[in-house]
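Encoded as structure tokens, the structure appears first; notes follow it.
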Amino acid sequence: MNKHFESVYALVRQVPAGKVASYGQIARWLGWERGARTVGWALRSAPADVPWHRVVNGRGGISLFDGTEQRLRLEAEGVDFDALGRINLEDYGFDGPVTL
DNA sequence: GGGCTGACTGACG
DNA sequence: ACGTCAGCCAGCC
């Protein structure tokens, strides 16, 4: 396995319940800057202990073709969705392992 | 090696 | 705020 993927998983595991992070944000934490899509690719094969459902796109929405399960899981953790099915990143966005 | 696809993002109109 | 276009990266024909 590539260590890069392990880094992605380790980082996603650091996202607390009730909070969400974007692909681009995670990519930056890893220093990929433009590898947001690669993060999604990694999560695609993420192990069961990785809270992949806490990862959404930069607009606070779900990118999956059918994100029903992901949305239900987030709501179960207390994440609030608006009428457009998007999350207010200002309130639920995870700043990262280190808060600037 | 060449080309296509996808769990993305930023810029434009 | 929304729809569209182009750029990026890794994996799979």
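Chain A is the first sequence line, chain B the second, and so forth, proteins listed ahead of strands; every chain is numbered from 1. Since we're looking at a predicted model, the values are computed, not measured. These values consider heavy atoms only, across backbone and side chains, with no hydrogens, waters or symmetry-generated copies.
Rounded to an integer number of Å, the gap from A:Ile62 CD1 to B:dC8 P is 12 Å. A straight line from CZ of A:Arg59 to C1' of B:dG10 spans 7 Å, rounded to a whole angstrom. Atom CZ of A:Arg28 and atom C1' of B:dG10 are 10 Å apart (whole Å). Nucleotide B:dG10 holds its P atom 14 Å from the OH atom of A:Tyr23, rounded to whole Å. A:Glu33 places its CD atom 17 Å from the P atom of C:dG7, with the value rounded to the nearest Å.
Side-chain contact, A:Ser63 with A:Asn57: a donor N or O sits under 3.5 Å from an acceptor N or O.
By the neighbour-count criterion of 12 heavy atoms within 6.0 Å, atom CZ of A:Arg13 is densely surrounded, having more than that number from other residues, nucleotides or ligands.
Residues A:Asp82 and A:Asn88 are not in side-chain contact: their nearest non-hydrogen atoms beyond the backbone lie 4.5 Å or more apart. For the pair A:Arg86/A:Phe81, no side-chain contact is recorded, criterion being any heavy-atom separation below 4.5 Å from C-beta on. Put simply, the side chain of A:Trp52 reaches to within 4.5 Å of the side chain of A:Gln70, judged on heavy atoms. Between A:His53 and A:Glu69, the closest side-chain pair of non-hydrogen atoms is not below 4.5 Å.
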Canonical and wobble pairing (Watson-Crick, G-U, under 3.5 Å) of DNA chain B, dot-bracket with |: .|||||.||||||
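Side chain of A:Arg54 to backbone of A:Val15: a donor-acceptor contact under 3.5 angstrom is found. Side-chain N or O atoms of A:Tyr92 include none that pairs as donor or acceptor with a backbone N or O of A:Ala21 at under 3.5 Å.
In terms of polar N and O atoms assigned as donor or acceptor, the side chain of A:Arg44 never comes within less than 3.5 Å of the base of C:dG11 in a complementary pairing.
When ring centroids are compared, A:Trp32 and A:Tyr23 stay outside the 6.0 Å threshold.
Side-chain atoms of A:Arg34 lie closest to C:dC8 of the nucleotides C:dC8, B:dG10, B:dA7. Of the candidates C:dG11, B:dT9, B:dA7, B:dA7 carries the atom nearest the A:Trp52 side chain, counting heavy atoms from C-beta on.
Across the interface with DNA chain C, nearest-nucleotide mapping of A:Arg37 and A:Trp41 shows A:Arg37 to be the residue nearer the 5′ end.
Looking at heavy-atom distances under 4.0 Å, A:Trp32 makes no contact with the nucleic acid at all.
Contacts with DNA chain B (heavy atom under 4.0 Å) in residues 78-89 of chain A: none are found.
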